[in-house]
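All chains are named by letter (A, B, ...) in the order of the sequence lines, taking the proteins before the strands, and each is independently numbered beginning at 1.
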Amino acid sequence: MTKIINVIKGTHDILPQEVEQWHILEENALNTFTKYGYKEIRTPIFEATELFARGVGDTTDIVNKEMYTFEKSDRSLTLRPENTAGVVRSYIENGMSRLSPPVKLWYKGPMFRYERPQKGRQRQFHQVGVEMFGVKDPAADAEVIIMAVDYLKSLGLNDLEVEINSLGCPKCREEFKNNLKKVLKPEFENLCEDCKNRYEKNPLRLLDCKVESCKAIFEKPEIQKVIQSDFICEECAEHFSKLKSYLDKMNIKYTVNKLLVRGLDYYNRTVFEIKSNNLGSQNAVCGGGRYDSLVKNLGGEDTPAVGWAMGMERLNSLLTIPETKKLNGYIVSNSPQDALELACELRNEGYNIEFDLSNKKFTKQLEKASKVADFALILGEDEIKAGKVSVKNLATSEQKTVSRQELRSIL
RNA sequence: GCGCCUGUCGUCAAGCGGUUAAGACCUCGGAUUGUGGUUCCGAUAUGCAUGGGUUCGAAUCCCAUCAGGCGCCCCA
């Protein structure tokens with residue numbers, strides 16, 4: 001037997017029985033984001049590798065080990081691992097800084113990361129996300145978070161936890177990093193391998209380590225003192241406290257998590273995640289924050305921005321599978337020509353109609369009809385002769401023989 | 001990239017060294033030549049992820065590869 005070809009590791013088919021859920025995610029996204037004045041943007045699935053190296057940051061895991069990069073005509077191209085860099089590129093390239101701020105954009109689509117697949121993590125996955133450009137005020141941060149919660153509510157997801165934190169600006173963060181490194185230096189040799197790595201790469205992440213011996217080290221008073229200190233500068237602190245008060249006023253429940261640090265380099269000040277307890281270890285459905293220097297770093301005008309992305313597969317696994325919709329009618333007939341005629345006629349008027357194309361036995365056709373449709377439209381010899389059709393309600397077994405015009409009032 | 005666990009029909013599975021590889025659902029056919037959803041019969045794995053090895057004998061034991069699950073890292 002010829003060998004079959006399988007899907008690539010970390011990718012999967014979205015089968016017909018699952019696709020209805022995706023429609024729900026997409027329709028609710030369009031409706032919710034439109035309410036807030038967002039417009040959809042669709043950017044290419046691959047971009048210049050440099051965009052991600054400069055945009056996402058070349059010290060990040062995403063850029064260092066997770067990108068699908070290939071060469072074509074002497075160019076280095078990469079399948080997008082996330083879409084913020086692409087949207088920013090488009091914002092700059094299309095002169096959107098000339099539009100009156102805020103510029104509000106949303107997107108959905110596949111992203112690619114070369115990672116070890118597990119639940120809630122695949123190599124090709126889908127994100128829906130939003131980006132708002134041009135507003136420095138924390139009202140923007142608040143609105144974006146509120147919209148995320150609103151969207152999740154529209155999907156029936158009410159009990160998710162919103163966590164927020166402030167990373168400060170590059171300047172105050174640098175100071176904190178240095179203090180942290182200084183106080184941890186004597187303990188460096190006692191840290192786990194991962195933490196030794198993080199010490200150089202991203203000291204903020206150290207605090208989140210799950211290894212017991214590391215946790216014990218962090219408990220030491222002189223280290224706790226640094227961790228607990230409010231390292232962010234006055235301006236950043238004000239931004240953060242305004243955000244909190246906006247959220248309070250809008251009755252958005254959240255917790256401040258000082259250990260919340262996002263792995264993408266472009267974030268500053270506000271970062272947030274929305275988590276679920278039903279997702280295993282990949283428990284964040286939504287992640288985002290402010291990235292005030294990204295537009296400038298990619299060659300645009302200095303433009304503040306804030307946004308988030310949600311993993312659609314993760315959202316999906318939290319939703320209950322909707323029942324598949326039944327057809328309006330299934331035509332039962334041994335005359336394919338008449339069945340086809342009636343089917344086309346009704347379909348043109350917007351009805352969902354199917355009929356048997358292989359001329360199966362009457363009982364088989366009716367059995368099929370009962371499974372997939374609300375009504376059986378029986379078009380036998382007698383009906384054809386009389387120019388009528390017998391309509392059977394498959395839930396109640398009621399059956400009437402009617403003219404084709406009368407049919408519309410029943411369906 | 002690392003650690004632990006798993007892999008039997010389209011799906012869910014029983015089997016744990018010698019069986020004709022259970023069973024259920026789905027699908028298809030029949031009982032039922034124009035009346036379904038109930039019922040009853042029947043069909044459907046020369047095969048146990050793939051490749052090696054151990055053994056008189058392997059779905060069952062061992063090794064490798066591939067794939068999946070969980071955790072770490074990281075992230076949506």
Side-chain angles (χ1 to χ4, degrees), chain A residues 1 3-4 6-12 15 17 25 56 59-66 81-84 108-129 148 192-198 201-202 205-206 208-211 214 260-264 271-276 279-288 307-318 330 332-335 358 360-384 390-399 401:
Chain A
M1 210 165 70
K3 196 176 169 234
I4 63 166
N6 301 106
V7 275
I8 299 304
K9 180 174 183 162
T11 71
H12 64 276
L15 298 169
Q17 62 266 30
L25 291 182
V56 180
T59 62
T60 61
D61 278 6
I62 290 182
V63 169
N64 273 319
K65 45 185 207 190
E66 296 177 4
E82 57 96 61
N83 206 24
T84 296
K108 59 166 199 266
M111 309 294 158
F112 306 85
R113 291 182 200 173
Y114 186 77
E115 292 186 276
R116 180 80 185 258
Q118 350 177 332
K119 194 176 192 72
R121 168 179 295 168
Q122 24 294 122
R123 289 179 175 180
Q124 175 176 342
F125 63 103
H126 297 76
Q127 285 186 333
V128 56
C192 69
E193 283 309 307
D194 285 329
C195 280
K196 282 179 183 161
N197 242 319
R198 286 186 274 234
K201 234 173 69 184
N202 194 348
R205 287 212 79 94
L206 278 164
D208 208 11
C209 188
K210 275 117 194 152
V211 177
C214 290
L260 178 60
V261 174
R262 317 228 67 247
L264 285 70
V271 289
F272 59 91
E273 281 186 3
I274 301 178
K275 294 178 178 172
S276 160
L279 285 171
S281 81
Q282 268 63 53
N283 63 352
V285 267
C286 174
W308 52 250
M310 296 198 193
M312 296 177 82
E313 280 82 359
R314 290 183 190 181
L315 282 176
N316 254 326
S317 66
L318 294 174
Y330 190 92
V332 173
S333 176
N334 286 307
S335 165
S358 52
K360 287 209 183 71
K361 279 202 221 170
F362 188 88
T363 51
K364 290 293 170 194
Q365 290 191 33
L366 202 57
E367 190 182 333
K368 171 88 173 175
S370 73
K371 281 178 189 158
V372 300
D374 293 326
F375 290 93
L377 309 180
I378 299 165
L379 211 53
E381 278 176 41
D382 300 346
E383 284 89 352
I384 293 169
S390 295
V391 186
K392 180 165 191 162
N393 182 322
L394 291 161
T396 63
S397 292
E398 271 178 87
Q399 183 172 329
T401 303

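Computed from coordinates, the Q282(A) CD to A76(B) P distance equals 11 Å when rounded to whole Å. As a whole-Å value, the separation of Q122(A) CD from G69(B) C1' is 13 Å. Across the protein-nucleic acid pair, N283(A) atom CG and C72(B) atom C1' stand 14 Å apart, rounded to whole Å. Here the P atom of nucleotide U33(B) and the CD atom of E381(A) are 15 Å apart, to the nearest Å. Across the protein-nucleic acid pair, H12(A) atom NE2 and G69(B) atom P stand 11 Å apart, rounded to whole Å. As rounded to whole Å, 17 Å separates atom C1' of U32(B) from atom NZ of K360(A). As a whole-Å value, the separation of D194(A) CG from C72(B) C1' is 7 Å. Atom CD of Q17(A) and atom P of G10(B) are 15 Å apart (whole Å).
The partner of A59(B) is absent, by the rule that a Watson-Crick or G-U pair needs both atom distances under 3.5 Å. Base-pair partner of C70(B): G3(B) (Watson-Crick or G-U wobble, both distances under 3.5 Å). Across all strands shown, A64(B) forms a Watson-Crick or G-U wobble pair with U50(B), both key distances being under 3.5 Å. Within the shown strands, nothing qualifies as a pairing partner of G34(B) under the Watson-Crick or G-U definition with both distances less than 3.5 Å. Across all strands shown, G17(B) has no partner, as no Watson-Crick or G-U wobble contact with both distances under 3.5 Å is found. Here C28(B) sits opposite G42(B) as a Watson-Crick or G-U wobble pair (both hydrogen-bonding atom distances under 3.5 Å).
Comparing C48(B) with A59(B), their P atoms sit 7 Å apart, to the nearest whole Å. Rounded to whole Å, the P atom of A64(B) lies 13 Å from the corresponding atom of C2(B). Taking atom P in both G10(B) and U27(B), the straight-line distance is 15 Å, to the nearest Å. If you take atom C1' in A45(B) and the same atom in U8(B), they sit 9 Å apart, rounded to whole Å. Between C16(B) and G29(B), the distance separating the two P atoms is 37 Å to the nearest Å. Taking atom C1' on both nucleotides, U46(B) is separated from C5(B) by 32 Å, rounded to a whole Å. Here, C62(B) and A21(B) have their C1' atoms 23 Å apart, quoted to the whole Å. Taking atom P on both nucleotides, G37(B) is separated from G47(B) by 36 Å, rounded to a whole Å.
In this structure, the side chains of Q118(A) and Q282(A) come closer than 4.5 Å at one or more pairs of heavy atoms. Residues K392(A) and S397(A) form a side-chain contact, since some pair of their non-hydrogen atoms from C-beta on lies under 4.5 Å apart. Under the 4.5 Å side-chain criterion, counting only non-hydrogen atoms from C-beta, Y330(A) is not in contact with F375(A). A 4.5 Å side-chain heavy-atom check between L279(A) and S317(A) finds at least one atom pair inside the cut-off.
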Got a list of protein N/O to nucleotides 37-43 of chain B N/O distances below 3.5 Å?
residue: G37(B); atom: O6; partner: S397(A); partner atom: OG; Å: 2.6
residue: G37(B); atom: N2; partner: L394(A); partner atom: O; Å: 3.2

Atom pairs, N/O to N/O, protein against nucleotides 1-4 of chain B, distance under 3.5 Å?
residue: C2(B); atom: N4; partner: R116(A); partner atom: NH1; Å: 3.0

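Here the side chain of Q124(A) pairs no donor or acceptor atom with the backbone of G10(A) at under 3.5 angstrom. A distance-only check finds a donor-acceptor pair linking the side chain of N64(A) to the backbone of T59(A) [under 3.5 Å]. R314(A) contributes a side-chain N or O that, together with a main-chain N or O of A284(A), makes up a donor-acceptor pair within less than 3.5 Å. Side-chain atoms of Q365(A) come within 3.5 Å of backbone N or O of K360(A) as a donor-acceptor pair. Without hydrogens or angle criteria, R113(A) side chain to P81(A) main chain gives a donor-acceptor distance under 3.5 Å. Not one N or O on the side chain of R123(A) forms a donor-acceptor pair closer than 3.5 Å with the backbone of P117(A).
Within the nucleic acid shown, G120(A) comes within 4.0 Å of at least one base atom, counting heavy atoms only. Nucleic acid contact for A309(A): sugar-phosphate only, since backbone atoms but no base atoms lie under 4.0 Å from a heavy atom of the residue. Nucleic acid contact class of I378(A) (heavy atoms, under 4.0 Å, all strands): base. Note on G287(A): only backbone sugar-phosphate atoms sit closer than 4.0 angstrom, heavy atoms only; bases stay farther off. The residue G288(A) sits apart from the nucleic acid: no heavy atom pair falls under 4.0 Å.
Just one residue in the list R121(A), K65(A), K9(A) forms a salt bridge (Lys or Arg N to Asp or Glu O under 4.0 Å) with E115(A), and that residue is R121(A).
For D61(A), the listed nucleotide lying nearest its side chain is C73(B); candidates were G34(B), A76(B), C73(B). Counting only heavy atoms from C-beta on, D382(A) has its side chain closest to G34(B) among G34(B), C73(B), A76(B). For F362(A), whose side chain is taken as the heavy atoms from C-beta onward, the closest listed nucleotide among G34(B), G68(B), C70(B) is G34(B). In this structure, the nucleotide among G30(B), G68(B), G34(B) sitting nearest to the side chain of K9(A) is G68(B). Side-chain atoms of S281(A) lie closest to C72(B) of the nucleotides U33(B), C74(B), C72(B).
Residues T60(A) and L366(A) both approach RNA chain B. Their nearest nucleotides, taken by heavy-atom distance, put L366(A) toward the 5′ side. Mapping R113(A) and V7(A) onto RNA chain B by nearest heavy atom places V7(A) closer to the 5' end of the strand.
The base of G36(B) does not come close enough to the side chain of Q399(A) for any donor and acceptor atom to sit less than 3.5 Å apart. At a cut-off of 3.5 angstrom, the base of G36(B) holds at least one donor-acceptor pair with the side chain of K392(A).
Annotated as syn: G47(B), whose O4'-C1'-N torsion sits within 90° of 0.
Q122(A) and H12(A) share no side-chain donor-acceptor pair at under 3.5 Å.
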Notebook entry, point to check: Where do S390(A) and E383(A) land on the side chain to side chain donor-acceptor pair (under 3.5 Å) test, with the steps shown first?
Noted result: CA-CA 7 Å; S390(A) 295; E383(A) 284 89 352; 2.5 Å; yes

